[in-house]
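All residue numbers refer to positions in the sequence shown, counting from 1. All heavy atoms count here, side chains included; hydrogens, waters and symmetry mates do not.
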Amino acid sequence: MSVAPPGRGVDSAYAWRLALVSMACVALGGGGIYLPMVGLKEMAADFGDQRAVPSFAYMVGFFGMGVGGVFMGWLADRTSPRVPLLIAGISIALGGWVASRGGEFALYAGYAMLLGFFGNAGTFTPAMNNVQGWFEKRRNMAIALISIGPAVAGSVWPQVYRLLLPEIGWRDTLLVYGLSAGALLLLGALYVRAAPTLRGPGGRRREEKVHLPLPSSMIMLLLSAAGFCCCTAMAIPFVHMVAFCGDLGYPAARGTEAVSLVLVSAIVATFVMARLAQRIGPLPVSLLCSVIQIGSLVGFLHVRDINGIYALSLLHGIPFIAIVQGYALNLRYLYGPTIAGWRLGVVMLFAMAGMAAGGWLGGFIFDATLSYTSAFQSALAFNLLNLMLLGILYTAQRRRPMVGLT
């Protein structure tokens, strides 16, 4: 058992400060992915007005982050959660330079490898696994704090880009992001300490064997598939919200407001759902979030009024982060406090793949049908599959008490 320095034990003031710093690091690492959304036209203009170029950079950035999360979770177990953050800081600074200074290939490589695989991936999964080990009494609330990092990034960085893009262009804007976020991540890494959790020989984290309600491979398959399905369903209306509002005759500003409502609702609901998970368990909360998302998707199939869109955006935001944080909570409840970091990385890989696939699928179906009706119907189908997969795990888990974690 590793011993924390005085004043830096489990549930200490330092643990809360660490959670806050870790959330800020997640928000810093996730900023680059929003530039292709905000600066789509500016970036496309540099590549023959091909909007597919920044869109593809957005997609490979998500995939790079997902695949890198598995590696970074493993690396944090083998070394320290500080190491992935140090790598992330250097990689994001370098990635901002590489992606902004070259042509199409440099843009893809910068987003996939430096900003994604070695950059953003070094923030979320290692931080989530580490912070869980620093808490016993209010662990769910600490996890909620980490979970809102991507929403904070989505709220802050697009506003920064809107100020910088007209003045210095997308290339220098991306360079400013890379250098500033990279430097701040390096500072944040200096504050991070590994949780006082059980370690194996050489100080390395070792996963203990626990009694599981299903074979471990089946649990990982169910959670990974559920993560892909829920995030695919989630991304279709979210990524295409501005375009959907435009098709209904509303200006782009209304669609942007709807996106902001999703993020605001997500931040608030994450803490509410974390509190609820302490009372009834994380898996019932995940099922509840899945049902709520089904309700919002059914609504998007019929809504035409902007006030209705605003209301559905608030509803869609409730599970936007909470259902994803539920996967981290469920993994720890199932595998115990010494859970291997790569497990969350694998589940998040499929979740990020779902976000990337959902954004692309919505556009593909719209191009084929010239309507978002079929796209929202496909999102609903993915969400129903998510509910079924979580239901299988819930039925199995009811036969076995959880491992006594709060």
Pairs touching residues 219-238 that satisfy side chain to side chain donor-acceptor pair (under 3.5 Å), sequence neighbours left out: none
Y327 and S286: side chain donor to acceptor below 3.5 Å: no
Sub-6.0 Å ring centroid separation between Y58 and Y111: no
With E257 via salt bridge (charged side-chain N to carboxylate O under 4.0 Å, His left out) - residues at least two apart: R254
Cation-pi geometry met for R17 and Y191 (6.0 Å, 45°): no
Side chain proximity check, F382 to L361, heavy atoms < 4.5 angstrom: yes
Centroid-centroid distance, Y372 to F300, less than 6.0 Å: no
W134 side-chain N/O to R193 backbone N/O, donor-acceptor pair under 3.5 Å: yes
Expected output: side-chain Q293 to main-chain C230 donor-acceptor under 3.5 Å: yes
N120 side-chain N/O to G116 backbone N/O, donor-acceptor pair under 3.5 Å: no
Proximity of W16 and F135 rings by center, below 6.0 Å: yes
Note, F63 side chain near M352 side chain (heavy atom, < 4.5 Å): no
Where L390 and A226 come nearest, the two heavy atoms and their spacing: CD2-CB, 4.1 Å
For the student: nearest non-hydrogen atoms of L283 and L393, plus distance: CD2-C, 3.7 Å
Worked verdict on Y34 versus Y161 for ring-ring contact (aromatic ring centres under 6.0 Å, His included): CA-CA 9 Å; Y34 288 96; Y161 297 152; 8.1 Å; no
Main-chain N/O of A194 paired to R82 side chain as donor or acceptor, under 3.5 Å: no
Within 6.0 angstrom of M388 CE, more than 12 heavy atoms from elsewhere: yes
Side chain to side chain donor-acceptor pair (under 3.5 Å) partners of residues 84-103, not counting sequence neighbours, each pair once: R101-D172
Test item: S265 side-chain N/O and L261 main-chain N/O as donor-acceptor pair under 3.5 Å: no
is_close_aromatic(F366, H240), centroid dist under 6.0 Å: no
Residue pair S296 / H316: nearest heavy atoms and the distance that separates them: OG-ND1, 2.9 Å
